[in-house]
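Computed from heavy atoms alone, side chains included, the values below leave out hydrogens, waters and symmetry copies. Reminder, nothing fancy here: chain letters follow the sequence lines and each chain counts from 1.
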Amino acid sequence: MSAVFESTLLSVRGVQSGYGALQVLWGVDLDVMPGETVLLLGANSAGKSTLLRTLIGLLPCWRGEIAFAGERIDALPPEQRIRRGMAYMSELGVFPTLSIDENLALGGYFLSDAQVRKRKEQLFALFPDLAAKRRDAAGTLSGGQRKMLGIAKVLISEPRLLLMDEPSSGLAPVFVKQVIEVLKTSIGAGTALLIAEQNVAFLELADRGYLIDHGKVRLSGTRAELEASDAVRETYFGL
Amino acid sequence: ATAPSEIKIGTLYASSGPFAVASQGQYEGLKYWADAINKEGGVFVKAFNKKIPVKLVAYDDQSSTSTATTLYNQLITQDKVDVLVADFGSVLTSVAVPLAAEHHMLLIDPTGSGANFFTKPTNYLADVSIPSSTVWPIPLANYLVQQNIKKIAILYGANDFDASQAATLKEVLAKHGIKPVYDHGVPTTESNYTILLHAIAATQPEAVLEFGYAPNDIAFLKALDQSGLHFPMTFTIFPGQLLQLLTKNVGEKALAYTYTYPTPPLVKYEKVSYGMNTQQFVDAFKAATKKEPNFLDCSGYNTGLIVQHMLDMAPKFDQLAFHQAIMDMSGKTTTLLGPFDVNANGAQLGQPFPVAQLQPKGGKLDVVVVYPQDKATGKAVYPAPKP
Amino acid sequence: MSERFLLQRWRTGLIVLALLIAAFLLLPHVYGNESLLFTLMTFIVLAQGLNLLYGFTGYLPFGYVGFFGCGAYATSLLVLHSGLPVLLCVVGGGLAAVVMGLILGPLLRLSGAYFSIASLAASQILYDVVSNTNLADITGGPYGLKIEQVYAPTASYHTMLVILVLATALAAWFRLSAFGMGLRAMKQDPVSAAMAGINVVRARLITWLISAGVAGLAGGAYAWNLSVFYPEAVFTLQISVFAIVFSLFGGVGTVIGPIIGASVLYSLYSVIGISTPQYFQLIYGLLIALLVLFMPGGVLSLFARRGVRVF
Amino acid sequence: MELLEYAIIGGILYGIFFSLIAIGLNLIFGVMRIINLAHGQFIVLGGYAAWVVSRHFGFNPLWAVPLCIVAAAVIGYPLYYAVVPRLQRSQDPEMLSFILFFGIGQVLEAITVLGFGADQRSLPSEALGSGNIGVFGQAFPDSWWWAAAVSITAIVALWLYFTRTKLGYATRAIMANRDEALATGISVNKVSALAFIAGLALAGMAGVFLPYLLGSVSPDQGSELTTTSFAIVIIGSLGNPLGTVIGGLVFGLGTMIMQTFYSSWSNLVPYVLLLVIVLIRPTGLLGKAVRSV
Amino acid sequence: MSSNPPPLLRLEGVNKRFGGHVVLNDVSFSLAPGEIVGLVGPNGSGKTTTINVICGLYRADSGSIVFDGKPVHRVPMHELARIGINRTFQVPKTFRDMTVRENIEVAAYFGHADQRADVNALLRDIDLEAQADKLAGSLTVNQQKLLDLGRALATGPKLLLVDEIGAGLNPAELGGIAELLRKLAQRGIALIVVEHLMAFLGSITQRVIVLGAGRMLFEGSLDAASRHPEVVAAFFGEAA
Ligand SMILES: Nc1ncnc2c1ncn2[C@@H]1O[C@H](COP(=O)(O)OP(=O)(O)OP(=O)(O)O)[C@@H](O)[C@H]1O
Ligand SMILES: Nc1ncnc2c1ncn2[C@@H]1O[C@H](COP(=O)(O)OP(=O)(O)OP(=O)(O)O)[C@@H](O)[C@H]1O
Ligand SMILES: [Mg+2]
Ligand SMILES: [Mg+2]
């Protein structure tokens with residue numbers, strides 16, 4: 001057990017959190033192993049986004065422990081967590097007044113300029129729409145283009161753990177596929193993923209998953225186990 | 001009535017804002033008077049036939065008229081002061097004028113000389129220190145006419161004090177068929193004169209007259225000094241009132257050969273009918289405060305003197321008697337500021353300001369009165385030599 | 001909103017109005033410095049008028065004093081040239097400010113800081129025009145105006161009280177009516193509000209004009225109360241700044257916030273000014289800074305934090 | 001014609017200097033959404049710093065420029081941490097900052113008055129060279145050239161910072177979306193503190209030249225400087241340092257040309273220009289529109 | 001498409017440009033009352049812009065838009081809302097500091113002059129009854145999208161433009177939305193539904209318009225679209 005724990009990349013124990021007086025998370029336990037892909041499932045307003053925001057440090061962790069690579073991080077500010085190899089993609093966020101180039105440069109805030117340049121070209125190859133508008137302000141992009149930029153922005157730093165909030169929403173099928181492909185190669189490169197996602201297509205990517213319900217983990221298991229679970233089928237497939 | 005234990009004199013000053021410098025000078029002069037008179041056991045009040053100590057009640061209006069309004073009212077209605085003295089300048093005095101009349105208080109006005117205040121007879125207003133700004137430039141205009149200076153440039157601040165002087169000056173000049181070659185108002189807050197100076201220079205004037213407040217004059221003279229331009233005659237107002245401030249800021253070189261209205265203590269009244277004469281005051285003030293007094297200190301002190309005289313003349317201790325006392329001493333009194341003469345509207349008609357040139361002598365600036373003749377202490381150097 | 005709830009709130013509104021009237025009718029008997037009370041009312045009116053605009057639409061006019069000055073000048077010029085009764089002249093001052101608001105209506109196309117500063121620019125232009133020597137024959141230019149013939153401190157005091165009641169009633173209306181709810185929606189998202197069927201441009205303009213009119217009326221009564229004034233007395237930026245600071249401090253978007261804010265801060269201002277004139281500015285500045293730091297969200301946040309729904 | 005030429009060159013120099021006057025305000029507002037109503041008072045403090053350096057210690061007033069940078073750090077760092085995080089935690093930082101910095105401005109002005117008195121102070125003309133440098137036959141005092149040179153240097157440095165360095169991107173990112181900046185790993189507080197200090201330092205540096213361009217420095221100049229700065233920033237558009245330069249130039253040229261021909265209307269110029277410009281381009285001359293939907 | 005009842009909405013040669021960039025190029029189609037049309041296309045193809053132009057947020061550079069027999073391309077947004085055009089936003093735009101109920105009440109009051117919408121029924125429709133007294137700003141993004149829909153419905157629209165309401169919903173939730181949209185169509189509301197989720201779209205309509213780089217690539221049935229080579233290339237990628 002302790003050996004497992006030591007190699008755990010992200011370990012979450014009894015985390016409680018919320019907004020002001022409103023408690024949303026009521027004690028979440030969860031683990032992510034290095035290189036693993038974990039899916040967060042759950043109905044609308046179950047607390048998935050809240051959990052991701054707490055893990056990266058945008059929301060304070062009221063109670064419980066968060067450890068990354070064996071180190072307690074729940075009191076650290078986001079920048080410290082990101083420095084240690086985490087990254088987070090929010091649902092909507094890019095910097096609208098900055099150009100696409102500049103947005104990407106900030107995604108690689110802790111990388112050298114040369115690394116940023118190299119990664120940027122790789123990503124532009126994947127998202128030609130962005131390449132064509134690289135000097136334009138991100139604020140002129142369409143909804144889906146912004147999403148692509150958001151994804152590119154977190155992929156650039158090749159983090160050890162990537163937290164993603166609904167990466168596929170609003171993307172055309174062709175790009176959903178691409179995103180999945182990119183994430184696959186990232187996994188190959190050793191990145192662990194924790195993804196809140198509703199698109200069925202992502203199940204193929206997942207090793208394991210958790211079903212969040214009213215701020216608690218209701219169920220967890222491997223992909224096969226989840227697919228077979230009645231609870232998941234009920235909330236997720238509406239069966 | 002029984003005599004009060006102290007005579008309350010209420011006034012305002014501005015610790016900050018555009019009127020702070022002048023206001024504080026005036027207040028210090030008044031304070032100096034109060035301290036001095038209290039050392040002698042107080043001011044003699046004829047109505048009670050004895051000396052009573054004075055107490056200054058002073059608030060800070062921060063150069064704001066709305067604040068000043070409430071504070072004047074505080075002095076009148078809450079502190080129930082016996083004598084009400086206005087803050088420096090027309091703007092801060094204006095709000096006190098109707099208020100004082102309403103409460104039947106005599107407003108002793110040291111320096112608020114806007115022509116607007118003095119339009120009809122009143123018992124509740126007396127300008128005790130300086131004449132209305134509209135009459136200031138009359139000797140200057142006459143001097144220009146006398147010197148046969150025809151190409152005149154006028155630059156003035158767009159405020160009551162400066163604009164009214166420019167207007168008067170132009171009126172007098174017009175009577176002699178002189179039309180200024182350059183005549184422009186600038187905002188009161190103007191502080192950049194470099195471009196204006198070039199525009200003025202383009203008209204090749206024989207005299208440049210700048211009517212402004214002290215900061216304007218400083219900025220104007222400094223810009224002139226740095227510009228490399230030179231005019232035969234340059235006139236500004238405030239060297240005559242705040243010579244130290246101006247010298248400190250623009251330097252003696254830049255002030256050399258410029259003209260101004262000299263005021264006490266730059267001109268001295270030796271024979272006075274009441275209080276110290278100008279020189280005595282300068283010495284006494286220096287001894288007491290370790291500071292060289294300026295005109296505003298003098299006018300503050302003068303205000304105290306007038307109050308003192310008023311109290312020792314008024315047979316009854318009420319505002320109408322005070323006013324009557326002021327009227328009675330009008331035309332018969334000379335103080336360190338010169339002849340004292342208030343008309344029925346409350347305006348001061350005393351000695352008009354002469355014209356003087358600042359001439360360098362032995363590393364210092366000498367104030368040489370050049371007009372009118374009977375006051376003159378020397379001859380003007382015209383055109384001013386190039387440095 | 002249920003009918004009963006609305007009724008209850010209207011009752012609150014009436015109580016607030018009654019209290020205001022009672023307070024300012026009684027205060028002069030307790031404390032004789034009527035000028036101070038008058039100025040206090042003036043600032044409450046201005047804070048409230050600013051609140052009508054900023055609190056309900058999010059447009060913060062730095063140049064709010066422009067309407068005040070406009071009202072003061074229009075009133076005085078009417079007194080001097082029209083021969084109308086003073087009260088009508090004050091109303092004329094309010095109307096003049098409304099007309100000025102109409103002329104400046106295009107400013108509402110701007111937003112945020114751009115609007116704030118543009119309105120400031122407009123008020124500066126008004127001031128510069130009014131005080132320009134070239135217009136001395138019409139506006140008195142730098143020499144200011146004098147309407148001593150109508151000077152009447154008590155009547156002008158009562159007039160200001162009426163204006164205060166009017167401004168407060170307007171705020172209550174904004175707070176309780178559907179129009180006010182529309183304003184709140186616009187403030188949060190104008191595009192969405194338009195999609196909800198709100199004529200955003202018109203509603204905003206109406207609010208702007210109402211707010212301008214309140215300041216104009218206040219300016220008129222203020223000029224009447226002063227009766228001798230220079231342009232800077234009614235155009236000084238300090239008036240805008242005080243109105244903004246006071247209403248923000250009390251809590252905008254409410255009815256009683258600006259009243260409390262202006263009362264507290266202006267009273268403090270006067271108390272310090274009278275008790276410790278030597279350090280007037282220093283103490284006042286420090287006090288404001290500390291109040292903000294330890295009471296962010298204004299006075300009303302104290303109530304809101306305890307779950308009290310502030311009127 | 002010669003007058004016009006003179007006004008144009010003067011307007012450019014004066015305008016460049018006023019860009020420096022305004023730019024600190026732009027920086028602080030853009031990054032922190034803080035309305036620094038005490039901006040003018042900080043400029044005035046810079047002027048007094050120059051006065052102390054030059055009249056009190058007898059050094060060249062230019063030494064006040066580095067002094068201002070140091071002083072900005074010494075004052076700005078604690079002030080930032082005392083004030084800004086608290087503000088930003090509140091519901092509406094923009095409006096709270098208005099009151100807070102009004103208070104701070106009052107305190108600064110009071111302190112200046114207590115420390116130096118209310119009267120004007122000026123600097124020795126010779127210190128920056130008492131001659132005149134001419135361009136196209138139009139001579140201006142040496143101090144004007146100094147002021148313009150220092151302004152350009154500071155603004156170019158700021159521009160390079162914004163457009164060429166990652167820290168600069170980060171600063172603009174914070175301007176655009178604070179939460180997203182946090183989530184991207186930017187040390188928002190440090191970067192903002194730096195911007196805050198830089199804003200104060202730029203204000204102070206501008207203040208050093210104030211006594212030369214405006215004749216003297218006095219405690220009551222603050223609020224007008226704040227107002228003018230706001231006008232300049234808005235003309236050029238918020239959050240854009242280059243815009244501020246253009247705003248400054250528009251202001252300088254407009255004022256000087258107007259002064260030459262209709263001086264009594266000259267202080268209307270910046271405001272009329274501002275109105276005209278923002279009514280045509282609602283986000284200032286260099287403002288970029290970002291789609292709202 | 002039948003030609004007898006006059007179309008509710010008709011776009012004719014609509015063009016829209018930003019700077020030099022052509023975003024809509026000669027877009028023309030029409031829509032009958034109660035009809036649902038899917039508007040699909042890759043990211044950045046101009047779907048949202050089409051909606052923006054119809055609802056009056058942007059003005060088309062050229063072309064005509066006729067609604068209910070009246071040209072509307074110069075009518076301001078709030079007027080359009082009152083005569084029956086409404087929409088949701090891709091990034092939901094709610095009145096954040098107002099409660100869910102107030103959000104709807106505002107729209108019901110201002111947008112729906114003749115008959116008041118039944119607020120409670122609406123809240124039930126969009127499944128936010130439980131959140132009725134919460135502030136809109138505290139809802140999840142997905143709930144805000146629903147609220148956005150509620151706000152649009154409260155004005156009693158005849159034409160509803162729905163911008164990617166399904167994105168981010170799980171299949172169970174999508175089912176609920178699909179049912180609601182079908183119900184709305186049955187009530188006679190015409191719908192333009194912008195969507196990337198083909199299965200979802202397929203469950204509510206067969207008629208789609210495919211945009212590619214601002215041009216209409218295809219108009220017809222969804223099944224036919226998924227076989228149309230140009231559409232497949234632009235939208236599903238080569239591999240599909
Ligand atoms: N900024 C906020 N302030 C207050 N409450 C919030 C805020 N954001 C979310 N909540 C509340 O927290 C709860 C959980 O929201 P969260 O965004 O974590 O859900 P989610 O599982 O991500 O749902 P979805 O699938 O809709 O994205 C919801 O009830 C929501 O109303
Ligand atoms: N206001 C604007 N300024 C500049 N470009 C714009 C603007 N609005 C849209 N565009 C551009 O127009 C194109 C179409 O945008 P639109 O939002 O209509 O796409 P979309 O089809 O809705 O895409 P998505 O599925 O990603 O939301 C995009 O390339 C976008 O960058
Ligand atoms: Mg979520
Ligand atoms: Mg879109």
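- If you take OG1 on D:T283 and CG on C:L110, they are separated by 9.5 Å, rounding to the nearest 0.5 Å.
- Contacts between D:L273 and chain C at a heavy-atom distance below 4.5 Å are absent for every atom of the residue.
- Heavy atoms from other residues, nucleotides or ligands lying under 6.0 Å from OH of D:Y262 number 12 at most.
- The contact between D:L274 and chain C is made entirely by side chain atoms (from C-beta outward), counting heavy-atom distances below 4.5 Å.
- C:F246 does not touch chain D: none of its heavy atoms, backbone or side chain, sits under 4.5 Å away.
- For chain C, no part of D:F101 is nearby; none of its heavy atoms comes within less than 4.5 Å.
- Contact tally against chain D (heavy-atom pairs below 4.5 Å) for C:I283, C:I288, C:I117, C:L104: the top residue is C:I117.
- Heavy atoms closer than 4.5 Å to chain C are found in both the backbone and the side chain of D:E109.
- Minimum interatomic distance between D:S264 and C:N132 (heavy atoms only, all atoms of both residues): O-ND2, 3.2 Å.
- Proximity to chain C is absent for every atom of D:L108, based on heavy atoms less than 4.5 angstrom apart.
- Side chains of D:I99 and C:I244 form no contact here, defined as non-hydrogen atoms less than 4.5 Å apart.
- Here the CZ-CG distance, from D:F98 to C:L60, works out to 6.0 Å after rounding to the nearest 0.5 Å.
- Residues D:G284 and C:Y114 share a closest heavy-atom pair of N-CE2, 3.7 Å.
- Scanning both residues, D:V278 and C:A118, for their nearest heavy atoms gives CG2-CB, 4.1 Å.
- Under the 4.5 Å side-chain criterion, counting only non-hydrogen atoms from C-beta, C:F62 is in contact with D:I35.
- Annotation: side chain of C:L248 is not in contact with side chain of D:L96 (no heavy-atom distance under 4.5 Å).
- Listed for the C:Y279 side chain is no donor-acceptor partner under 3.5 Å among the backbone atoms of D:A110.
- Rounded to the nearest 0.5 Å, atoms CZ (D:F102) and CZ (C:F242) are 4.5 Å apart.
- A pairwise comparison of heavy atoms in C:L237 and D:T227 identifies CD2-OG1, 3.7 Å as the closest pair.
- Remark: D:L114 CG to C:Q281 CD distance equals 9.0 Å, nearest 0.5 Å.
- With a threshold of 4.5 angstrom between heavy atoms, C:L287 does not approach chain D through any atom at all.
- Both the backbone and the side chain of D:F230 come within contact range of chain C, each with at least one heavy atom under 4.5 Å from a heavy atom of that chain.
- D:N267 places no side-chain N or O within donor-acceptor distance of the main-chain N or O of C:D128, the cut-off being under 3.5 Å.
- D:L238 and C:A113 get closest at one heavy-atom pair: CD1-CB, 3.6 Å.
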